[in-house]
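Reviewing the structure listed below.
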Amino acid sequence: MRDDHYTPKPDDNARLPAISEPADARAQRHIPVLLRLIRRAVLFLGLETLALALYYVSGNLQHFLEIDIMTILRVTGISAIALALFCAAGMAASIWFAIAQKRPAFLLRLIPYGILLVLAAALTVFVLTVDLLSAGLA
């Protein structure tokens, strides 16, 4: 039996090259789990709302049935309301973590959340207006 293979000894780990980024810098880049979950939910709801809005426009151009258009419009409204709620939650969580962890970099996340909140609110108002007008004023 040949013994020409290398078996590391416990003290060999001390001689490994250091990671290029210090541990405190990695910890400083760390995003809390709550913010990651909110960011992913906002991304999903934003893309879903965009796809439904495009589907609504496409359905209008292709003369879908009125019941189908209204269903698409209502689902778009529900998705826009959920997007607005998650954007508001993201803004609140960003402010909370900026204050609690004393890291003002979290305040930069307010900009996209704020823009998406305004867009979602505008889309919700549009959906409610179209729904009200299509039901008639009787």
Side-chain angles (χ1 to χ4, degrees):
M1 184 160 155
R2 292 178 48 179
D3 194 26
D4 59 336
H5 65 278
Y6 175 73
T7 55
K9 296 177 181 63
D11 62 338
D12 285 345
N13 290 335
R15 290 183 279 182
L16 291 176
I19 297 175
S20 62
E21 189 176 26
D24 58 343
R26 280 192 306 262
Q28 197 171 21
R29 276 191 311 125
H30 177 70
I31 299 171
V33 176
L34 179 64
L35 282 179
R36 274 190 273 153
L37 290 174
I38 291 174
R39 184 178 61 193
R40 290 175 184 170
V42 166
L43 179 66
F44 170 75
L45 288 169
L47 291 176
E48 178 191 25
T49 304
L50 178 66
L52 285 167
L54 291 175
Y55 190 48
Y56 171 74
V57 170
S58 171
N60 269 336
L61 293 176
Q62 295 179 12
H63 304 292
F64 282 7
L65 295 175
E66 182 182 352
I67 189 72
D68 295 335
I69 291 292
M70 292 311 296
T71 303
I72 294 168
L73 192 65
R74 287 185 180 122
V75 172
T76 304
I78 292 169
S79 179
I81 290 170
L83 176 62
L85 290 175
F86 272 94
C87 285
M91 290 176 77
S94 295
I95 292 170
W96 171 259
F97 283 113
I99 293 170
Q101 294 185 0
K102 296 180 177 63
R103 289 176 45 199
F106 283 125
L107 295 177
L108 291 176
R109 298 177 191 277
L110 292 176
I111 297 168
Y113 286 138
I115 292 170
L116 283 175
L117 179 65
V118 169
L119 290 176
L123 184 62
T124 302
V125 168
F126 172 75
V127 166
L128 292 175
T129 304
V130 170
D131 194 21
L132 178 72
L133 292 175
S134 68
L137 300 174

Do [X] and [Y] sit in one hydrophobic cluster, given that two such residues count as connected whenever their side-chain heavy atoms are within less than 4.5 Å of each other, even indirectly?
X   : Y    : answer
F44 : L34  : yes
F97 : I95  : yes
L52 : I81  : no
I31 : L107 : yes

Distance-only, no hydrogens or angles: does the [X] side chain make a donor-acceptor pair with backbone N or O of [Y] under 3.5 Å?
X    : Y    : value
R109 : G90  : no
S79  : V75  : no
S134 : V130 : yes

Rounded to the nearest 0.5 Å, what separates atom [atom1] in [X] from atom [atom2] in [Y]?
X    : Y    : atom1 : atom2 : value
M91  : I111 : CE    : CD1   : 10.0 Å
L128 : L133 : CG    : CG    : 11.0 Å
F86  : L117 : CZ    : CG    : 13.5 Å
E66  : L73  : CD    : CG    : 11.0 Å
L54  : T76  : CG    : OG1   : 9.5 Å
E48  : L50  : CD    : CG    : 11.0 Å

Quick check: do [X] and [Y] have side-chain heavy atoms less than 4.5 Å from each other?
X    : Y    : value
V33  : R36  : yes
Y113 : R39  : yes
L35  : F106 : yes
V127 : Y56  : no

Worksheet item: Around F64, counting heavy atoms of other residues, nucleotides and ligands shown, do more than 12 lie under 6.0 Å from its CZ?
Response: yes
Provide the closest heavy-atom pair for [X] versus [Y] in the form atom of the first, atom of the second, distance.
X    : Y    : result
A80  : L123 : CB-CD2, 4.0 Å
G46  : L83  : N-CD1, 3.8 Å
V42  : L116 : CG1-CD1, 3.6 Å
I67  : T71  : O-OG1, 2.8 Å
L110 : S94  : CD2-CB, 4.1 Å
G59  : I69  : C-CD1, 3.5 Å

